[in-house]
Each structure stands twice: as structure tokens, then as C-alpha cells.
There are 2 protein chains.
Amino acid sequence: MPRSRKLRTPEEPNRPAGLDTPDGRPPSFSVTVAVALVTAIEGEMRALLIRRSEPPEEGRFALPIGFVGGKESPEEAALRVLRKKAGVSDVYLAQLYTFGAPNRDPRGRVITVAYYALVDAGRLASLSPGEGAFLSALRVPWKGETGGPVEALGEAVGEGGASLPLAFDHGEILGMVVKRLRGKLHYAPVGFQLLPPAFTLRDLQLVHETILGQRLNKDSFRRSMLASGLLEPTGEIEAKVGHRPAAFYRFTQASAI
Amino acid sequence: MPRSRKLRTPEEPNRPAGLDTPDGRPPSFSVTVAVALVTAIEGEMRALLIRRSEPPEEGRFALPIGFVGGKESPEEAALRVLRKKAGVSDVYLAQLYTFGAPNRDPRGRVITVAYYALVDAGRLASLSPGEGAFLSALRVPWKGETGGPVEALGEAVGEGGASLPLAFDHGEILGMVVKRLRGKLHYAPVGFQLLPPAFTLRDLQLVHETILGQRLNKDSFRRSMLASGLLEPTGEIEAKVGHRPAAFYRFTQASAI
DNA sequence: TGAATAGTGTCTATAAGACAATATCCC
DNA sequence: GGGATATTGTCTTATAGACACTATTCA
């Protein structure tokens, strides 16, 4: 039973014992978080990107990233990064995937926990993203839940803008976000995190269509959403819309996704 | 552009620069993996547990765990742990969630990447798990995809065995596995990872019912599975079953879940 | 032959898609 | 009033559940 060393040394802090590694000693990692801040605007998925001003990947576009500090959880780090790099708080945040390939970062052993955050487009308009940060439109080159990387565009998808060079594996991460959201939509009311508190059925359908990348049947969508019990009318209706105003709804559940 | 230090020191390897942390310097982490090796036997979900023979959590029951080595990815570490602690290779492995709360482990800062592995019960019978390892039945105290921890039982669920004390947050991890599998079942043919290459529709239905924790309509299940195009008859039929033999099927897709 | 489950066919209930008709607002 | 979209209602089609009936094997 050689449980061995009880003493700590600076370069090897106290760690769980009795576990096996190839070289016998657990190596040290840096842990970072990457956050995909996603919204839906005018039928497009968009994500916050920041142009990198220094190596590595200088000049390429990256998700907000940051180290996990010594006294915070990865999730807290993600929220801190969102606050600092994107100027947003109180957003829905969920863990996506953890990357840790040995040669992922040439400068050392790094584990990255990727998160995605959802926010309604209206709130982003009044926020102050940091230097070089902007909302890039996403082009998804696959259907359904096939998966794979997505492209980030400088302009709106419909305007044929060139795709931006993405740093690291951030194109893959954004692709996983889209795939995850499409999956969630099958059984969870994802949409309301991308919408203001009150919205019309048309707004909700457009968000669903934007996430799924395909048109939906209007009648069926109305019926199923109204029958789901997740919506309740606010009593308000649209104003000044040039046509019959739609009723506003809110979600009856405060959480979900 | 103070990209600074190119030199490495033992206690602080070269790390990405230009990122913010509360204390200015990225701290070091140990990274571990925990693997839930899950199967379905006779209508029960089961997972491999190992009784811990040393602190912390001595005497409690834990998933197979291990450090991520210096030259392997977390996924490779998970496969290595499965091979060493459970004696299994060539299993379906998927990432589940990453845990990294600051006080998760009293001995230092640890990030744990949790995985789940699926294997058909027949294969486990011929394998040799390590010392103190066994397949524990899982009792799921919630319905649908509510989520929450599950209990591990020393005996079969139906036999009223006492629930075993689980180490760390492994009850939560197992609960997340069940929740994840139930979610996947809505849109992916999860079942075939828990079945041998050839199986009857009854076998498949029992696996689905075991995962979901509820009975399914036999007629609808048959129709939808056969209409899905995911199954094809092997041409073989059961033998010596005391009743009309069922046809064997195989999955037409080699991957999925 | 009987027990037991596999597999088929049919009917019904429910959900989804299509489409027409009406309602309501702003210009 | 005209344009535009919301909302309601009805009809059709697809899918899921219920159930009766036949088929096949082994004890």
C-alpha cells in the first residue's frame, strides 16, 4: 500500500493518490473557458467574436476566452468572461463540451471548457462589447443535426459576405452549439432565451426556424405551441404594425432549455 | 505587447498570454476523468462501481477514475481507465459533463471530465473487472428527464437491496447519464450499443423501456422501429424459446447515438 | 395439445399539414 | 378601401394506441 508522499512541493501540489497515469505523476494543466454568446437576429444566428490582436492566431476571430482562476468554477469564469468581454450579465449559460487534446495549444497543456450563452437580440443592442468585438452571422453548411463546423461572416448571410478566419477550434465549437440547440428544440422551449419577455407567435416561430435552419408549418406551430401549456397571453397586442396586430405571449416557466 | 517570458520554469509551464484572471496568473489544475460504464440487464440499468480502499471517501463506491496523463487526451485517458479498471475495450464512449468547482476536492484544484460508456451485457459477462469492481443496479427516483442523482444498489432493484454510499458526486454523474440517455432516445438509436449485434424487437423494446423507466406500447414500438429504416433482419430466428421464435435484427448504421 | 410470445390486420384516437374564411390594424 | 398579417375553423393525411386474430415453437 504505498500511498507515499504526504508532503507538497511547489511544483506538485497535493493531489488525489491511488490513481494511475502513464508516467506515474499527474501533470499540471491550465484551464480555460470559451463562451459562445449566441443570439438570433432577423432570421440569422449570430455569435460574438473578437478579433485577436496578438499571437497565437493573431488576426483571426475568436470566441471570448479566459483562464479559470484559482478560486472560481469554470462556470463562474465563463460568466466573468461574458461580463468583461461582452458586457453582459444575467444570461442563460450552459456547458457545451470540454476540449483537451495534447497538442491543442502549442504553448502548453490546456483544457478548455466550452459554454454557450443565449441572449435576446434586443438586450445586446444596449450593451457595450469590448474592443474589436462584434456579432458575426453564422452560416451553417449542413442540415438537421449532422454537425460540423460553421462559418462566421462579416456581413449578413444573405449578403454574400466572405467568411472570417476563425481562431483555434472555434468554428467547431460554434457548430456544436448549433447542433445542440437544434437537438434541444425537439423537447425544450429553447426559444424564449433568445426572445424578450413578451413576444408574438410569429417571433417565436422565426426563432425556431432560425435555429433549425428550415421553415416550419405555421398552423402546426401555432397549435402545438398553444397546446403545450408553455405560453400564456400577456393581454397586450402589437401596435403600429400595418396589419392586424398579433397577441403577445410570455413563457409560463421561468427556466428550461 | 508584453508577451513576456519565453522561458519555462518547472512550476509554471508556458501558457497562453493575453488572458485575464482575477489574480493575474493562471493557476495549475489536475485533470481527472470519471467513466460511467453502463449496461442494461434484465430490465435494470447497471453501472460499474469500485469500492474505494483508501481515502478520500474510503469505503464508498465510485466510478472508475484516473488522471489525464501528460500526452493523452481526456478521452484517451477514459479509454485507458476503462481498460485497466473494467477490462473493456472497443466500447462506445461519449463525454458527459465537466466538473470543476473550487472545493470539489479537498486536496487541490481538480477538474474532472465525466464520460459514459455503453456496452452490451453479454460482453461484460466474459470480462474481468478489477478488484472490488462490480455491476451495481441503479434506482432512478425521478421520472422522465427531471434529472437528479440516482441510487446504486447492491442487489437487483426489485429485491429491495440497500442503496450503496456513493463517493464524490458520482450519484449526480450517474443521474446525468440516465437523463442524457433518455434524451438521446428521442431521436437516436441509443439501444444498439447496449445490445449484441443481433437482437429481437422484444430485446430492443426492453432496452428502451429500461432506459426510459416506463413501459412502451408494443405495436407502436414495432411499427416505428421497422419503419425507421434503422433495422434489417439478419435472417436468423430465435431457437428453443418455448414459444414462437422472434426474428433477429441488426442495426443498419454502424455508429449513431 | 397447451402455454407463451411473435407477427398481422383493422379500427379508432390524436396530431400534423393544407387551405379557406374571417378579423383587425395602419396607411 | 387596400394591403398585410392574425386568428379561427374545417378538411385531409399521417401517426400512435387498442385490440382481435393468426402463426410458430417447445414442453
Side-chain angles (χ1 to χ4, degrees), chain A residues 40 42-43 143-144 182 185-189 191-192 195-196 198-251, chain B residues 40 42-43 143-145 182 185-192 195-196 198-251:
Chain A
E42 294 166 11
K143 291 185 185 298
R182 287 182 179 180
L185 212 47
H186 290 315
Y187 60 92
F192 82 108
L195 288 169
F199 51 86
T200 67
L201 284 171
R202 179 178 179 72
D203 295 334
L204 182 59
Q205 181 173 351
L206 180 56
V207 165
H208 279 231
E209 291 176 339
T210 302
I211 292 173
L212 295 174
Q214 64 176 33
R215 301 300 304 273
L216 297 175
N217 181 283
K218 175 183 165 183
D219 304 286
S220 297
F221 185 82
R222 287 182 67 85
R223 258 186 313 214
S224 60
M225 290 309 302
L226 291 174
S228 71
L230 298 171
L231 302 183
E232 61 183 15
T234 66
E236 307 287 311
I237 61 171
E238 286 181 313
K240 301 176 183 164
V241 284
H243 54 78
R244 174 172 175 174
F248 280 115
Y249 291 84
R250 70 169 77 90
F251 276 91
Chain B
E42 295 166 9
K143 292 185 184 299
E145 295 176 48
R182 288 183 178 178
L185 212 47
H186 290 315
Y187 59 91
V190 173
F192 82 107
L195 288 170
F199 51 86
T200 67
L201 284 172
R202 180 178 178 71
D203 295 334
L204 183 58
Q205 181 173 348
L206 180 56
V207 164
H208 278 231
E209 290 176 339
T210 302
I211 293 173
L212 295 175
Q214 65 176 33
R215 302 301 304 274
L216 297 175
N217 181 282
K218 174 185 163 183
D219 305 282
S220 298
F221 186 81
R222 286 183 67 86
R223 259 185 314 214
S224 60
M225 289 310 301
L226 290 174
S228 71
L230 298 171
L231 301 183
E232 62 184 13
T234 66
E236 308 287 313
I237 61 171
E238 284 181 314
K240 302 176 182 160
V241 284
H243 54 76
R244 174 173 176 174
F248 280 114
Y249 291 84
R250 72 170 75 89
F251 276 91

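Order of the sequence lines sets the chain letters (A, B, ...), proteins ahead of strands, with each chain counted from 1. Remember, predicted model here, so these are calculated numbers, not experimental data.
If you check every strand for non-hydrogen atoms under 4.0 Å, Ala247(B) touches sugar and phosphate atoms only. Residue Arg223(A) is in base contact, counting any heavy-atom pair closer than 4.0 Å across all strands shown.
In this structure, Lys218(A) does not reach the dT5(D) phosphate: none of its side-chain N or O atoms is under 4.0 Å from OP1 or OP2. Close to dT5(D), at under 4.0 Å from its OP1 or OP2, lies no side-chain N or O of Arg202(A).
At whole-Å resolution of the value, CE in Met225(B) and C1' in dA16(D) are 15 Å apart. What separates CZ of Arg222(B) from P of dT10(C) is a distance of 16 Å, to the nearest Å. Gln205(B) places its CD atom 12 Å from the C1' atom of dA6(C), with the value rounded to the nearest Å. Note: CZ (Phe221(A)) to C1' (dT7(D)) measures 15 Å, nearest angstrom. If you measure from atom CG of Leu231(B) to atom C1' of dA6(C), you get 16 Å, rounded to the nearest angstrom. In this structure, CG of Asp219(B) is placed 13 Å from C1' of dT5(C), rounded to the nearest angstrom. Going from atom CZ of Phe248(A) over to atom P of dT7(D) covers 11 Å, rounded to whole Å. One atom, CG of Leu206(A), and another, P of dT5(D), lie 13 Å apart when rounded to the nearest Å.
When all heavy atoms of Ala40(B) and Thr210(B) are compared, the closest pair comes out as CB-CG2, 4.1 Å. Here the shortest heavy-atom pairing between Leu231(B) and Met225(B) reads CD1-CB, 4.0 Å. Across every non-hydrogen atom of Asn217(B) and Gln205(B), the tightest pair is C-NE2, 4.1 Å.
In terms of position along DNA chain C, the nucleotide closest to Ser220(A) lies nearer the 5' end than the nucleotide closest to the other residue of the pair Ser220(A) and Pro245(A). Where Arg244(A) and His243(B) each meet DNA chain C at their nearest nucleotide, the meeting point lying more 5' is that of His243(B).
Counting heavy atoms from C-beta on, the side chains of Glu238(A) and His243(A) come closer than 4.5 Å.
Of the listed nucleotides (dG17(C), dG17(D), dG7(C)), dG17(C) has the atom at the smallest distance from the side chain of Asn217(A).
Taken residue by residue, residues 232-242 of chain B places heavy atoms nearer than 4.0 Å to DNA chain C at Gly242(B).
Every side chain to side chain contact (heavy atoms under 4.5 Å, CB included) that Thr234(A) has, sequence neighbours left out, goes to Ala198(A), Glu236(A), Phe248(A), Arg250(A).
Taking a 6.0 Å sphere around CD of Glu42(A), one finds it holds 12 or fewer heavy atoms contributed by other residues, nucleotides or ligands.
Using the six-membered ring where Trp is involved, Phe251(B) and Phe199(B) have ring planes that are tilted, between 30° and 60° apart.
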